[in-house]
Amino acid sequence: EFPAYQYTISLLYRVFGWHVELARVVNLALYTISALSLFWFTKKVFNSSGIAFFTAFFYVFAPGSIFFLGHAIHPDVFAVCMYLISLTTFLKGKERRKACWLIASLFSFSLSISTRPFMLIGLPAYLFLLWTMKSAYWEYLLYIFSSPLIYGFWKVWQLGFKSADSSWENWVLDGRK
């Protein structure tokens with residue numbers, strides 16, 4: 001996993017000193033951005049502020065969300081935030097037809113996957129959105145091939161370090177040996 005979340009928190013520790021509250025502030029900021037992105041995305045997709053409000057409401061008060069907001073200092077909050085930002089910027093890009101929004105969407109989606117690789121499960125949502133918007137085939141290929149890009153570069157970079165042990169990433173499948 002690419003440690004973007006950990007780098008963000010460590011940068012704050014370096015600037016302000018070690019205070020666990022800083023990690024909580026980062027979580028709160030990411031959580032707020034996630035809720036706002038989810039609200040905007042849902043409002044655009046369903047063309048309803050009511051549905052968007054309830055979607056964001058249930059997201060904010062879901063037990064898992066409360067756990068990650070208040071108790072866990074864990075990169076899942078960052079990954080979900082980047083995914084929701086990528087969906088929002090995707091729709092902005094389609095709406096405004098500007099490449100900067102598409103690039104922001106691709107980058108944040110790739111960053112989400114590199115932070116927590118299981119976020120690749122969100123790729124079908126993009127494929128569905130591309131299909132419903134009657135997008136060009138190159139857009140499908142762009143999302144399919146660029147989504148794991150940061151993670152791939154991170155893994156290739158790690159190969160240069162003999163002491164880098166990423167075997168722990170497979171512990172779910174075969175246990176730690």
Side-chain angles (χ1 to χ4, degrees), residues 1-42 55-56 59-93 96 98-123 125-126 142-172 176:
E1 300 165 346
F2 184 69
Y5 174 76
Q6 295 87 330
Y7 286 157
T8 303
I9 292 174
S10 69
L11 179 63
L12 292 175
Y13 284 167
R14 183 169 292 253
V15 172
F16 298 107
W18 190 88
H19 304 285
V20 73
E21 294 82 13
L22 292 172
R24 304 278 185 238
V25 168
V26 168
N27 278 4
L28 183 60
L30 292 170
Y31 196 65
T32 302
I33 293 167
S34 296
L36 292 172
S37 294
L38 181 63
F39 177 85
W40 191 89
F41 175 77
T42 308
T55 302
Y59 172 76
V60 167
F61 291 108
S65 296
I66 293 169
F67 170 76
F68 281 113
L69 174 63
H71 300 292
I73 299 173
H74 201 269
D76 286 5
V77 176
F78 184 84
V80 169
C81 182
M82 290 298 109
Y83 180 71
L84 291 172
I85 287 172
S86 71
L87 286 172
T88 302
T89 53
F90 170 78
L91 285 184
K92 281 258 192 219
R96 296 185 180 177
K98 294 205 174 193
C100 63
W101 291 105
L102 176 65
I103 292 167
S105 175
L106 291 167
F107 178 75
S108 55
F109 186 42
S110 186
L111 189 57
S112 172
I113 292 168
S114 66
T115 304
R116 298 295 284 161
F118 70 82
M119 293 302 291
L120 195 56
I121 199 167
L123 183 59
Y126 278 104
L142 194 60
Y143 272 91
I144 290 169
F145 291 112
S146 70
S147 55
L149 207 56
I150 294 174
Y151 184 74
F153 283 131
W154 171 249
K155 285 304 185 186
V156 169
W157 181 77
Q158 279 184 325
L159 292 175
F161 300 94
K162 292 183 190 231
S163 62
D165 176 22
S166 59
S167 63
W168 61 271
E169 292 178 339
N170 295 320
W171 69 272
V172 173
R176 181 78 173 170

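Put simply, the side chain of Thr89 gets close to the backbone of Ser86: a donor and an acceptor are under 3.5 Å apart. For Thr88 (side chain) and Ser37 (main-chain N/O), a donor-acceptor pair under 3.5 Å exists by modelled atom type. A donor-acceptor contact shorter than 3.5 Å links the side chain of Thr8 to the backbone of Ala4. Using modelled atom types, no side-chain atom of Thr115 and backbone atom of Ala79 make a donor-acceptor pair closer than 3.5 Å.
Between Ile113 atom CD1 and Phe2 atom CZ the span is 14.0 Å, to the nearest 0.5 Å. Rounded to the nearest 0.5 Å, atoms CZ (Phe107) and CD1 (Ile85) are 10.5 Å apart. Taken from OG in Ser108 to CD1 in Ile150, the straight-line distance is 9.0 Å, to the nearest 0.5 Å. Annotation: the span from Ile121 atom CD1 to Tyr83 atom OH amounts to 9.5 Å, rounded to 0.5 Å. Here the CD1-CG distance, from Ile73 to Asn27, works out to 7.0 Å after rounding to the nearest 0.5 Å.
A tilted orientation is assigned to the rings of Phe78 and Tyr5, their planes being inclined by 30° to 60°.
Two residues are said to be in side-chain contact when any heavy atoms from C-beta on lie closer than 4.5 Å; Ile9 and Tyr13 meet this criterion. Counting heavy atoms from C-beta outward, Leu106 and Tyr143 have side chains that approach closer than 4.5 Å. With a 4.5 Å cut-off on side-chain heavy atoms, Ser147 and Leu120 count as touching. Taking the side chain as every heavy atom from C-beta outward, Ser114 and Leu111 approach each other to under 4.5 Å. With a 4.5 Å cut-off on side-chain heavy atoms, Ile144 and Leu123 count as touching. Looking only at side-chain heavy atoms (C-beta outward), Leu142 and Leu102 come within less than 4.5 Å of each other.
Environment of CZ in Phe118: crowded, with over 12 heavy atoms of neighbouring residues, nucleotides or ligands closer than 6.0 Å.
When all heavy atoms of Ala35 and Tyr59 are compared, the closest pair comes out as N-CE2, 3.9 Å. Across every non-hydrogen atom of Leu12 and Leu22, the tightest pair is O-CD1, 3.7 Å. Between Glu1 and Tyr151, the shortest heavy-atom contact is N-CE1, 4.2 Å.
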Trp40 and Leu91: CA distance, side-chain angles, deciding distance, side chain to side chain contact (heavy atoms under 4.5 Å, CB included) verdict: CA-CA 10 Å; Trp40 191 89; Leu91 285 184; 3.8 Å; yes
Audit row: Met82, Arg116, side chain to side chain contact (heavy atoms under 4.5 Å, CB included) steps and yes/no: CA-CA 10 Å; Met82 290 298 109; Arg116 298 295 284 161; over 6 Å; no
Stepwise ring pair (Phe, Tyr, Trp, His ring centres under 6.0 Å) test for Phe109 and Phe90: CA-CA 10 Å; Phe109 186 42; Phe90 170 78; 9.8 Å; no
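If you run side chain to side chain contact (heavy atoms under 4.5 Å, CB included) between Leu84 and each of Leu36, Leu30, Leu38, Ile33, only Leu38 comes through.
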